[in-house]
2 protein chains.
Amino acid sequence: MARRATVYDVAQRAGVSIATVSFAFTRPEKVKPETIRTVMVAADELGYVPSANARGLARGRTGAIGLYAYDYVLDPPADEHAAEGYERSARLFPLYADEVQRGVQLECRSRGLALMIGGNRTPAHLPHVIEVAGRVDALIAFAGALSVPHLEQAAARMPVVELGGEVRVAGAHTVLVDNRQGMADLTAHLVRVHRYERFAYLGELGTPEFRARREGFESTLEEAGVPVPPVLPAHPGDDATTSASVAALLREGPLPQVLVCDTDQAAVVAIDALRRAGLSVPGDVAVTGFDGIIAGRLLQPILTTVRQPMAAIGRAAVRLLADALDGAEQPTTNEDLVATFSAGGTCGCD
Amino acid sequence: MARRATVYDVAQRAGVSIATVSFAFTRPEKVKPETIRTVMVAADELGYVPSANARGLARGRTGAIGLYAYDYVLDPPADEHAAEGYERSARLFPLYADEVQRGVQLECRSRGLALMIGGNRTPAHLPHVIEVAGRVDALIAFAGALSVPHLEQAAARMPVVELGGEVRVAGAHTVLVDNRQGMADLTAHLVRVHRYERFAYLGELGTPEFRARREGFESTLEEAGVPVPPVLPAHPGDDATTSASVAALLREGPLPQVLVCDTDQAAVVAIDALRRAGLSVPGDVAVTGFDGIIAGRLLQPILTTVRQPMAAIGRAAVRLLADALDGAEQPTTNEDLVATFSAGGTCGCD
DNA sequence: ATGAAAGCGCTAACAC
DNA sequence: GTGTTAGCGCTTTCAT
């Protein structure tokens with residue numbers, strides 16, 4: 001590749017100083033129109049492209065924001081076998097994080113912000129997030145994707161917003177969705193409308209949002225005097241575990257009346273597993289999810305779930321950061337969004 | 001936000017020189033283990049995060065690659081009215097570019113590359129792509145998203161791969177899909193199996209890939225001695241035009257037997273428009289698409305189309321760039337991928 | 001094994 | 001309105 005043209009080259013060719021070149025690009029109103037034209041011509045001829053690195057160094061800002069997501073959001077199946085089922089899995093459709101990312105992209109675009117999406121394989125002791133943090137002015141992180149210390153470290157040097165979390169880390173802004181209430185609404189529907197009494201619960205407690213969902217579930221059952229089932233393991237991105245949990249449920253019987261899953265993804269996998277086992281959903285077992293991903297809307301019948309405003313979450317995060325970036329040192333803000341119960345057919349309705 | 005700690009701070013705290021700090025991070029084998037430990041401790045205490053900008057400046061590389069997509073890929077509906085229909089539109093589902101982007105992300109991630117997704121609102125005369133180009137080591141661009149001069153300008157200073165194009169720009173690598181053959185296969189199916197003779201064609205000729213599709217269509221019809229219809233306008237991201245073209249078709253009659261669309265997105269919109277007009281697809285008019293997006297698989301019946309290996313396209317692009325980046329000055333490579341005819345029900349099959 | 005010092009390309013005072 | 005110049009934080013010879 002040819003050596004990149006620099007301000008010096010352009011300045012020389014245009015017969016002006018490098019400062020003038022710089023001004024011509026960044027503060028055209030301070031430069032004589034004719035001079036600007038001369039500079040632009042020289043720049044074009046040289047194919048000059050300002051170095052974002054140098055600019056960022058000098059300005060102390062990069063003009064980009066970072067997005068840090070879970071690993072599993074992007075990870076493809078490891079082997080060929082998995083890859084086969086993969087084609088038919090929920091992963092074919094955009095999941096929660098994909099939808100949120102789309103919102104982030106849209107908002108970044110309309111604000112002229114570059115978006116940096118982090119990689120991995122980072123040098124030894126540096127957490128992956130640093131890889132991203134070193135090149136952006138602000139950071140968006142999915143709740144649970146970063147340890148609290150790392151979040152705090154990042155928040156100490158730049159605006160950070162945690163997405164969908166329930167924990168308010170010192171210095172980090174948050175975009176919250178009321179997971180607890182959403183799951184409570186869904187559970188209440190199952191108890192009051194369907195009169196279910198034997199529940200099973202598929203999910204995990206690894207992040208604040210999952211815990212909030214579980215809480216909404218537990219508290220509603222307790223209020224209704226319905227026995228609270230244990231948490232059977234299911235992790236986003238690990239469909240095998242979900243299937244295994246369903247298998248265990250079938251093996252150990254008796255079958256619950258309804259299987260409440262803490263993500264749509266788990267619900268989709270669970271329904272598939274149940275149907276393969278010859279059971280009807282919702283005939284033999286009702287199933288519910290959480291998130292509102294597309295795959296759920298494509299099931300027959302449609303998945304009963306709690307819809308998160310995913311794109312809005314992403315947009316809100318960018319908006320928060322953009323404000324923090326040009327506004328003064330703001331107090332940490334928390335944007336609250338609602339999660340809406342959405343009755344489909346898998347809960348037994350219709 | 002607190003001032004970021006720099007190498008100087010770390011060096012001072014650890015009682016070493018900045019060079020040693022730098023070495024400790026980048027060439028640990030050249031530094032005494034004990035020194036490394038001292039440095040790391042100091043760095044941790046200070047919450048030191050290397051500045052990617054400074055590093056990039058000094059090294060001449062950023063470690064990031066850029067993705068430049070069409071505007072319409074990301075643009076949300078402009079007004080509220082549009083936003084309403086939006087919910088029901090194909091845009092709900094990932095389109096061609098989204099699927100390709102996913103492939104790009106996956107591959108970047110597994111290679112430890114940061115991915116920069118460009119914004120807009122760029123200073124006057126600089127094309128948007130420059131905004132991205134200034135911050136990355138290599139660039140991926142969708143065919144037609146950039147003018148040839150811009151592509152060449154970018155290619156002069158960094159590895160560039162053009163996605164899905166048919167034109168081989170000087171210095172740019174390409175990932176090609178045989179659009180011509182794909183469309184020829186589809187058209188042949190319509191001619192031989194269904195014996196259609198009255199065709200309509202919805203699409204555009206604005207990019208090499210679209211032109212290639214049209215060529216595959218035309219040549220197949222010509223060989224079969226079937227009259228070649230004109231191109232009725234339909235542009236990705238502009239569903240209104242597509243609907244208008246369908247309306248014109250209905251108004252001006254007689255109805256063709258089959259409507260060949262050069263994208264799935266156009267096909268989905270066209271089918272919707274036809275059905276709203278009280279027509280049956282494929283009963284009254286058969287319709288076909290091109291791309292293989294998810295939305296097409298969800299139609300009743302399934303959309304007949306030509307499937308592009310979208311994720312594979314994205315991955316191939318990154319692979320190409322990564323090779324170019326660490327390999328020597330390579331000749332421009334062209335990766336060829338196939339587009340597979342996929343018979344659904346909208347062509348009249350079943 | 002470690003330190004000194006010269007850039008990398010650009011911005012932003014501050015002069016003129 | 002334009003030029004001079006001192007950094008921005010890091011890498012990287014070249015000495016030591």
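Quick note on labels: first sequence line is chain A, next is B, and so on, each numbered from 1. Values reported hereafter were calculated over all heavy atoms of this structure, with side chains retained and with hydrogens, waters and symmetry mates removed.
Between C:dA1, D:dT2, D:dT11, one nucleotide has an atom nearer to the side chain of A:K32 than all others, and that is D:dT2. You'll find that the side chain of B:S22 is closest to D:dT11, out of C:dA12, D:dC10, D:dT11. You'll find that the side chain of A:F23 is closest to D:dG3, out of C:dG9, D:dG3, C:dA1. Distance from the side chain of A:V31 is smallest for D:dT2 among the nucleotides C:dT2, D:dT2, D:dC10. Distances from the side chain of A:A19 to the nucleotides C:dC8, D:dC8, C:dA12 place C:dA12 closest. Of the candidate nucleotides C:dT11, D:dT4, C:dC8, D:dT4 has the atom nearest to the side chain of A:S17. Among C:dG7, C:dG9, C:dT2, the nucleotide with an atom closest to any side-chain atom of B:A58 is C:dG7.
The rotation axes computed at either terminus of the helix from C:dA1-D:dT16 to C:dC16-D:dG1 lie 30° apart, taking five pairs at each end and rounding to 10 degrees.
Taking side-chain N and O atoms only, A:T35 has a distance below 4.0 Å to OP1 or OP2 of D:dT2.
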| Could you go step by step and tell me if B:Q105 and B:L115 meet the side chain to side chain contact (heavy atoms under 4.5 Å, CB included) rule? | CA-CA 7 Å; B:Q105 285 185 204; B:L115 208 214; 3.8 Å; yes

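A straight line from NZ of B:K30 to P of D:dC14 spans 13 Å, rounded to a whole angstrom. Regarding B:N53, its CG atom lies at a distance of 12 Å from the P atom of D:dT11, rounded to whole Å. One can place CG of A:L57 at 14 Å from C1' of D:dA6, the figure rounded to the nearest angstrom. When the C1' atom of D:dC8 is taken as reference, atom CD1 of A:I18 falls 14 Å away, rounded to whole Å. Whole-Å rounding puts the A:R61 CZ to D:dG7 P distance at 21 Å. The CZ atom of A:R59 sits 21 Å away from the P atom of C:dC8 (whole-angstrom rounding). Taking atom CZ of residue B:R55 and atom P of nucleotide D:dT11, one finds them 4 Å apart after rounding to whole Å. Rounded to whole Å, atom C1' of D:dG9 lies 15 Å from atom CZ of A:R135.
Remark: A:R4 CZ to B:R157 CZ distance equals 7.0 Å, nearest 0.5 Å. Note: B:E45 CD to B:M40 CE = 13.5 Å, rounded to the nearest 0.5 Å. Atoms CG and CZ, on B:L320 and B:R315 in that order, are 14.5 Å from each other to the nearest 0.5 Å.
Counting heavy atoms from C-beta outward, A:V318 and A:L113 have side chains that approach closer than 4.5 Å.
The environment of CD in A:Q12 is sparse: at most 12 heavy-atom neighbours from other residues, nucleotides or ligands sit within 6.0 Å.
Note on ring orientation: taking the six-membered ring where Trp is involved, the planes of A:F142 and A:Y96 are perpendicular (angle over 60°, cut-offs 30° and 60°).
Backbone-only engagement by A:V16 is indicated by non-hydrogen atom pairs under 4.0 Å involving sugar-phosphate atoms exclusively. Counting non-hydrogen atoms under 4.0 angstrom, A:R27 reaches the backbone sugars and phosphates but no base.
Checking B:A54 against B:I36, the closest nucleotide of DNA chain C that is more toward the 5' end is the one next to B:I36.
Looking at A:T20 and A:S17, their side chains do bring a donor and an acceptor atom within 3.5 Å of each other.
Contacts with DNA chain C (heavy atom under 4.0 Å) in residues 5-15 of chain A: A:T6, A:V7, A:Y8, listed by number.
Taking the centre of each ring, A:Y48 and A:Y8 stay at or above the 6.0 Å mark.
At least one donor-acceptor pair closer than 3.5 Å links the side chain of B:T26 to the backbone N or O of B:S22.
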